[in-house]
Amino acid sequence: MDLNKEKYIILEIVPTAVDPKKGDVAQLSALKIDGIKLVDRFDYRLDKSKIKIPEILRMLDYDNDAFKYAKTTKTIINNFKKFIGDLPLLIIDNTYTRNYLSEIDNKKESVFKYLKLDVSDDVFDKLMNKYDLEPSNYLVDLLYEALIKEL
């Protein structure tokens with residue numbers, strides 16, 4: 001895919017469990033990109049009353065008013081499907097992301113392929129060092145900034 005010329009989605013999912021049958025999407029953030037221009041963003045969280053894992057609640061305790069809240073993962077995913085249409089998805093290629101997106105038929109590619117990085121526990125540290133990026137709570141924004149620098 002030629003990222004300079006095509007429309008695509010970059011996304012990040014924060015789950016409560018690796019398996020969607022045992023957990024929920026606690027947060028889903030995505031950017032709709034046309035070439036390297038940001039067109040729209042999608043920032044949803046599960047209602048905090050539905051998240052029973054204290055570590056996840058602490059991790060998501062920022063910019064609370066910048067997110068839309070939903071009562072179920074199904075609502076988040078259905079709204080996400082409307083947001084993405086048939087655009088290809090650049091994903092953080094790990095097991096849980098693929099699991100939660102399994103019912104979405106859009107083309108999926110690892111965003112790290114375009115950044116010449118491999119998925120690892122410290123990939124975002126490597127990404128920030130490689131592209132001289134400031135830390136951010138929004139991993140999807142870091143990916144976008146890195147893609148701009150790479151392209």
Give every donor-acceptor pair under 3.5 Å between a side-chain atom in residues 117-125 and any protein atom, sequence neighbours left out.
residue : atom : partner : partner atom : Å
Ser120  : OG   : Asp122  : OD1          : 2.8
Ser120  : OG   : Val123  : N            : 3.3

Note to self: Is the shortest side-chain heavy-atom distance between Ile92 and Glu12 below 4.5 Å?
What the structure shows: yes
Note to self: Suppose the criterion is salt bridge (Lys or Arg N to Asp or Glu O under 4.0 Å): which pairs have a residue in residues 59-83, not counting sequence neighbours?
What the structure shows: Lys48-Asp61
Notebook entry, point to check: Any donor and acceptor pair, going by atom type alone, linking the side chain of Thr73 with main-chain N or O of Val25 inside 3.5 Å?
Noted result: yes
Note to self: Are Lys52 and Leu57 packed together at the side-chain level, in the sense that at least one heavy-atom pair is separated by less than 4.5 angstrom?
What the structure shows: no
Note to self: Within a 6.0 Å radius of atom CD on Glu103, are there more than 12 heavy atoms belonging to other residues, nucleotides or ligands?
What the structure shows: no
Check: Considering only heavy atoms from C-beta outward, does the side chain of Arg98 approach that of Asp93 to under 4.5 Å?
Finding: yes
Margin query: I'd like to know if Val18 and Ile53 are part of one continuous hydrophobic network [Ile/Leu/Val/Met/Phe/Trp/Tyr, side-chain heavy atoms within less than 4.5 Å].
Written below: yes
Check: Is the backbone of Asn99 close enough, under 3.5 Å, to the side chain of Ser102 for a donor and an acceptor to pair up by distance?
Finding: yes
Item checked: Closest contact, heavy atoms only, Ala17 versus Gly23 -> CB-CA, 3.8 Å
Notebook entry, point to check: Does Phe42 have any ring pair (Phe, Tyr, Trp, His ring centres under 6.0 Å) partners at least two apart in sequence or in another chain, and if so, which?
Noted result: Tyr44, Phe80, Phe83
Margin query: For Asp105, is the CG atom crowded, meaning more than 12 foreign heavy atoms sit under 6.0 Å from it?
Written below: no
Next item on the list: Please say whether more than 12 non-hydrogen atoms of neighbouring residues, nucleotides or ligands are located less than 6.0 Å from NZ in Lys108.
Entry: yes
When the side chains of residues 139-151 are checked against the rest of the protein, which donor-acceptor pairs come out under 3.5 Å, sequence neighbours left out?
residue : atom : partner : partner atom : Å
Asp141  : OD1  : Arg41   : NH1          : 3.2
Asp141  : OD1  : Arg41   : NH2          : 3.2
Tyr144  : OH   : Ile36   : O            : 2.5
Tyr144  : OH   : Leu38   : N            : 3.1
Lys149  : NZ   : Tyr131  : O            : 2.9
Glu150  : OE1  : Tyr131  : OH           : 2.4
Glu150  : OE2  : Lys116  : NZ           : 2.9

Note to self: Is there a continuous path of hydrophobic side-chain contacts, each under 4.5 Å between heavy atoms, that joins Leu11 to Ile104?
What the structure shows: yes
Item checked: For the student: nearest non-hydrogen atoms of Pro15 and Ile56, plus distance -> O-CD1, 3.3 Å
Next item on the list: Consider only side-chain N and O atoms of Asn78 and Thr75, and report whether a donor and an acceptor are under 3.5 Å apart.
Entry: no
Notebook entry, point to check: Counting N and O atoms only, with roles assigned by atom type, does the side chain of Asp47 sit under 3.5 Å from a partner on the main chain of Ser49, one being a donor and the other an acceptor?
Noted result: no
Notebook entry, point to check: For Leu46 and Ile76, which heavy atoms make the closest approach, and how far apart are they?
Noted result: N-CD1, 3.7 Å
Check: Which heavy atom of Asn106 sits nearest a heavy atom of Gly85, and at what distance?
Finding: ND2-O, 3.0 Å
Checklist line | Residues which pass ring pair (Phe, Tyr, Trp, His ring centres under 6.0 Å) with Tyr114, listed by chain and number, not counting sequence neighbours | finding: none
Notebook entry, point to check: Who passes side-chain hydrogen bond (donor to acceptor under 3.5 Å, both in side chains) against Ser110, sequence neighbours left out?
Noted result: none
Item checked: Candidates Leu31, Leu115, Leu3 - the one meeting side-chain contact (heavy atoms from CB on, under 4.5 Å) with Leu90 -> Leu3
Notebook entry, point to check: Going by heavy atoms in the side chains, are Met1 and Pro88 under 4.5 Å from each other?
Noted result: yes
Margin query: Are Ile84 and Phe67 connected into the same hydrophobic cluster when the rule is that any two of I, L, V, M, F, W, Y join if their side-chain heavy atoms are below 4.5 Å apart?
Written below: no
Margin query: Is there a path of hydrophobic side-chain contacts, each under 4.5 Å between heavy atoms, that joins Ile10 and Ile13?
Written below: no
Note to self: In the structure I gave you, are the side-chain heavy atoms of Leu60 and Arg45 within less than 4.5 Å of one another anywhere?
What the structure shows: yes
Notebook entry, point to check: Is the backbone of Asp24 close enough, under 3.5 Å, to the side chain of Thr16 for a donor and an acceptor to pair up by distance?
Noted result: yes
Note to self: Looking at Asn94 and Thr97, would you say the former's side chain and the latter's main chain have a donor-acceptor pair under 3.5 Å?
What the structure shows: yes
Notebook entry, point to check: So if you build clusters from Ile, Leu, Val, Met, Phe, Trp, Tyr with side-chain heavy-atom gaps below 4.5 Å, do Tyr138 and Met59 land together?
Noted result: no
Margin query: When you measure from the side chain of Tyr100 to the backbone of Val14, do you find a donor-acceptor pair of N or O atoms at a distance under 3.5 Å?
Written below: no
Check: Going through the distances and angles, do Ile33 and Lys7 end up as a side-chain contact (heavy atoms from CB on, under 4.5 Å)?
Finding: CA-CA 5 Å; Ile33 310 295; Lys7 291 181 181 179; over 6 Å; no
Notebook entry, point to check: Taking side chain as C-beta onward, heavy atoms only, is Asp19 less than 4.5 Å from Tyr96?
Noted result: no
